[in-house]
Asks: 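The following block contains the structure, expressed as structure tokens.
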Protein chains: 2
Amino acid sequence: MIPSSDFNKLKAEIADQFPQLSKRLKQVAEFALSNPNDMALETIAIIARKAEVQPSTLIRFAKFFGYDGFTEMQRIFKGRLASQSDYKARIKAFAPEGENPTGLYDDFFEGSISSLEELRNQLDPETLNQAIEQLKNADTVYLAGYRRAFPVAAYFQYAFSHLDKKVVLLHGLGGMLEEQARVMSQSDVLLAISFREHSEEVISLVKSAGEKEVPVIAVTDSGLGPIASKASICLEVKDAKVQGFRSLSATMCLALILVVGLGKESLE
Amino acid sequence: MIPSSDFNKLKAEIADQFPQLSKRLKQVAEFALSNPNDMALETIAIIARKAEVQPSTLIRFAKFFGYDGFTEMQRIFKGRLASQSDYKARIKAFAPEGENPTGLYDDFFEGSISSLEELRNQLDPETLNQAIEQLKNADTVYLAGYRRAFPVAAYFQYAFSHLDKKVVLLHGLGGMLEEQARVMSQSDVLLAISFREHSEEVISLVKSAGEKEVPVIAVTDSGLGPIASKASICLEVKDAKVQGFRSLSATMCLALILVVGLGKESLE
DNA sequence: CTTTATTTAGAATATATTTTCCTTTTTTTA
DNA sequence: TAAAAAAAGGAAAATATATTCTAAATAAAG
């Protein structure tokens, strides 16, 4: 058997053989592909510890893929690092600013990153703490989010239920949105995610929550308008827009902050 | 004497001390600065041969700059290579700690930003174009995503339908997942979003798509495992994990890229 | 020419890798 | 379902390799 001679080939080979690997070798495969730097730079003993396997397992892994020993396979990982850094140096040398060939999608990344940075700058910890506190105290969290906001509501449902928080996604399936929402009480919280143009559903939900004195936490892209004004707590987040479409990167990060914040609070 | 703790400091220190070095140490200094990769990746014996000095000279060199031994100095060179693809460290270096009021949440932002940077680095334009092409040619796009991946599938549904792309979200409502999926044909595409541990639903959907020769595009966090191996195209994305929870920031950015890519293609 | 600093070669030490053997787990067959 | 066989995994000894130290040799400076 001829062992792979460069990183991409090895990667393909590992992916290919993966189903046939034993439990520990699978563990190594996963570690190797997600920590190629460690594979290149650390000693077998340290890698073994990080991957939570025996050193000998790493050697078995290398031999499985046709190498003489671990050292020989490690060369592939070293080669990857070396060529990667050479490549970077070349780009830097010849294309001074942002003119690299991989820049086709830079707009997307830069947009997402800058929306994250903006969120970081404007997020008010006090407001956030209040929101977390209110979520913690709520008996049940009701989630409203439609159109672009629906995936966010769905994420909250997933995450909150993993925290054993009682949660209801107001999806309006079967035209029974009102019926679903009717049982909200003052000891609950309505978490409404909505971006302009706000959907009718969310506006009326927030309104009726207000009438019943159910606290409302809003996640929205504008501090103005019907949602923010009726909410008891308003968290603002603006996702980057590229070619007419907005991502949800920043909103998802905010969601994660709320989730982890709630998780921490609940433990105490 | 306190030895330099990162590559740039060491570089400056070497340049600084250069005139006072002996002949052989100068030779090492020049080699080290022009072959930092070798310094990081090779053994002392090989480096010595390449630099045309004795191994012990390298040790004297390391000691001259305050390190305990060669190994300790080599860590600096290794760190340089590792940090080129480790954006967490880089971001931390540029944004001084705790200077903004939300410093508490830096982990989240750093995590999200670094996962975006990693995506930027690893995303293969060729694969991406194939995926867009396949989506464009598909009659109908079927979406499969469960648990954490469900919000992503829901986002695709929202976005694709805004592009007037025929799309079906395989939600399995009413226990009719199989019935929903049965109508997929070779002229369609199954877009499967799945992260470990992959849900049963998605595994069996991908499998049955394969049997019917329906093309499968996978969006996943590992090139290994049942999803990636059965997919015709595999897009890898790894979201940052904070305190046990993963966000979807990077995945949402990838989704946006696909959406906008498809939007552009369809116009032409 | 003597003294001091630097360099070299090789010995000693330390560390890393590999192999071996035994235990555990998994699979196959009765 | 149980027993036997096969495969995989783990611990540790053995081997190989790398690093560091030492002492002799060379070069540089006074």
Side-chain angles (χ1 to χ4, degrees), chain A residues 1 3 10 13-14 16-32 35-79 81-82, chain B residues 1 3-4 10 14 17-32 35-79 81-82 224-226:
Chain A
M1 184 194 183
L10 176 57
E13 180 73 8
I14 291 174
D16 210 47
Q17 298 292 318
F18 188 75
Q20 296 151 59
L21 295 176
S22 70
K23 193 175 150 201
R24 283 297 124 91
L25 294 192
K26 276 184 180 155
Q27 207 174 320
V28 172
E30 294 192 1
F31 182 87
N35 305 75
N37 283 357
D38 285 337
M39 293 295 287
L41 298 171
E42 304 294 346
T43 67
I44 201 171
I46 291 167
I47 296 165
R49 215 178 52 227
K50 287 195 184 184
E52 297 179 305
V53 297
Q54 295 288 324
S56 54
T57 310
L58 290 170
I59 289 153
R60 272 191 222 118
F61 183 84
K63 297 210 160 162
F64 184 94
F65 287 98
Y67 300 97
D68 248 26
F70 180 79
T71 310
E72 202 190 318
M73 184 183 71
Q74 198 180 35
R75 261 211 285 281
I76 306 299
F77 287 88
K78 288 186 175 179
L81 266 189
Chain B
M1 184 196 181
S4 306
L10 174 57
I14 292 174
Q17 298 291 319
F18 189 78
Q20 296 152 62
L21 296 176
S22 70
K23 192 176 152 200
R24 285 293 126 92
L25 294 192
K26 275 181 182 157
Q27 206 175 323
V28 173
E30 289 190 10
F31 181 87
N35 303 75
N37 284 357
D38 285 338
M39 294 294 286
L41 298 170
E42 304 295 347
T43 68
I44 202 171
I46 291 167
I47 297 166
R49 214 179 52 226
K50 288 196 183 185
E52 297 177 305
V53 297
Q54 295 291 323
S56 54
T57 310
L58 291 170
I59 292 156
R60 280 189 292 119
F61 183 84
K63 296 210 163 165
F64 183 94
F65 287 98
Y67 299 98
D68 247 25
F70 179 79
T71 309
E72 204 190 316
M73 185 182 72
Q74 198 180 31
R75 260 211 287 280
I76 306 300
F77 287 88
K78 289 186 175 180
L81 269 188
L224 306 175

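Below, read A as the first sequence line, B as the second, and so on, with proteins coming before strands; counting in each chain starts at 1.
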Asks: For DNA chain C, which residues of residues 38-46 of chain B approach it to below 4.0 angstrom with any heavy atom?
Replies: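 Contacts with DNA chain C under 4.0 Å: none.
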Asks: Only distances under 3.5 Å count here; give the side-chain donor-acceptor pairs of residues 57-66 of chain A to other protein atoms, sequence neighbours excluded, each with its distance to 0.1 Å.
Replies:
| residue | atom | partner | partner atom | Å |
| --- | --- | --- | --- | --- |
| A:Thr57 | OG1 | A:Gln54 | O | 3.3 |

Asks: Could you list all the salt bridge (Lys or Arg N to Asp or Glu O under 4.0 Å) pairs where at least one residue sits in residues 37-55 of chain A, not counting sequence neighbours?
Replies: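 Sorted result for residues 37-55 of chain A: A:Asp38-A:Lys50.
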Asks: Heavy atoms only: give me the nearest B:Ile47-B:Gln74 pair and the separation to one decimal.
Replies: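 Taking every non-hydrogen atom into account, CD1-NE2, 4.2 Å.
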Asks: Starting from the C-alpha separation in whole Å, work towards a yes-or-no answer on side-chain contact (heavy atoms from CB on, under 4.5 Å) for A:Gln17 and A:Leu25.
Replies: CA-CA 10 Å; A:Gln17 298 292 318; A:Leu25 294 192; over 6 Å; no
Asks: Can you tell me how far C1' of D:dT19 sits from CZ of B:Arg75, to the nearest Å?
Replies: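 B:Arg75 atom CZ is separated from D:dT19 atom C1' by 14 Å.
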Asks: Roughly how far, to the nearest 0.5 Å, is CG of B:Leu81 from CG of A:Asn37?
Replies: 8.0 Å
Asks: Working to the nearest 0.5 Å, report the span between CE of B:Met39 and CG of B:Asn35.
Replies: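 Answer rounded to 0.5 Å: 9.0 Å.
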Asks: What's the verdict on side-chain contact (heavy atoms from CB on, under 4.5 Å) for B:Val53 and B:Phe31, showing C-alpha distance, side-chain angles and the deciding distance?
Replies: CA-CA 10 Å; B:Val53 297; B:Phe31 181 87; over 6 Å; no
Asks: Would you kindly give the CD-to-P distance between B:Gln54 and D:dA18, to the nearest whole Å?
Replies: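 In whole Å, D:dA18 P lies 16 Å from B:Gln54 CD.
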Asks: Calculate, to the nearest 0.5 Å, the distance between atoms OG1 and CD1 belonging to A:Thr71 and A:Ile44 respectively.
Replies: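 That separation rounds to 7.0 Å.
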Asks: Distance under 4.0 Å to a non-hydrogen atom of chain B counts as contact; along DNA chain C, which nucleotides mark the start and end?
Replies: C:dT6 to C:dA9
Asks: Would you give the length of the straight line joining atom NZ of A:Lys78 to atom CG of A:Leu41, rounded to the nearest 0.5 angstrom?
Replies: 8.0 Å
Asks: Sequence neighbours left out, what passes side-chain contact (heavy atoms from CB on, under 4.5 Å) with B:Ile76? Give chain and number order.
Replies: B:Phe7, B:Leu10, B:Tyr67
Asks: So if I take residues 55-71 of chain A and measure heavy-atom distances to DNA chain C, which residues fall below 4.0 Å?
Replies: A:Ser56, A:Ile59, A:Lys63, A:Gly69, A:Phe70, A:Thr71
Asks: On DNA chain D, check which nucleotide each of B:Gln74 and B:Lys23 is closest to and give me the residue with the more 5' one.
Replies: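 Comparing both residues, the 5'-ward one is B:Gln74.
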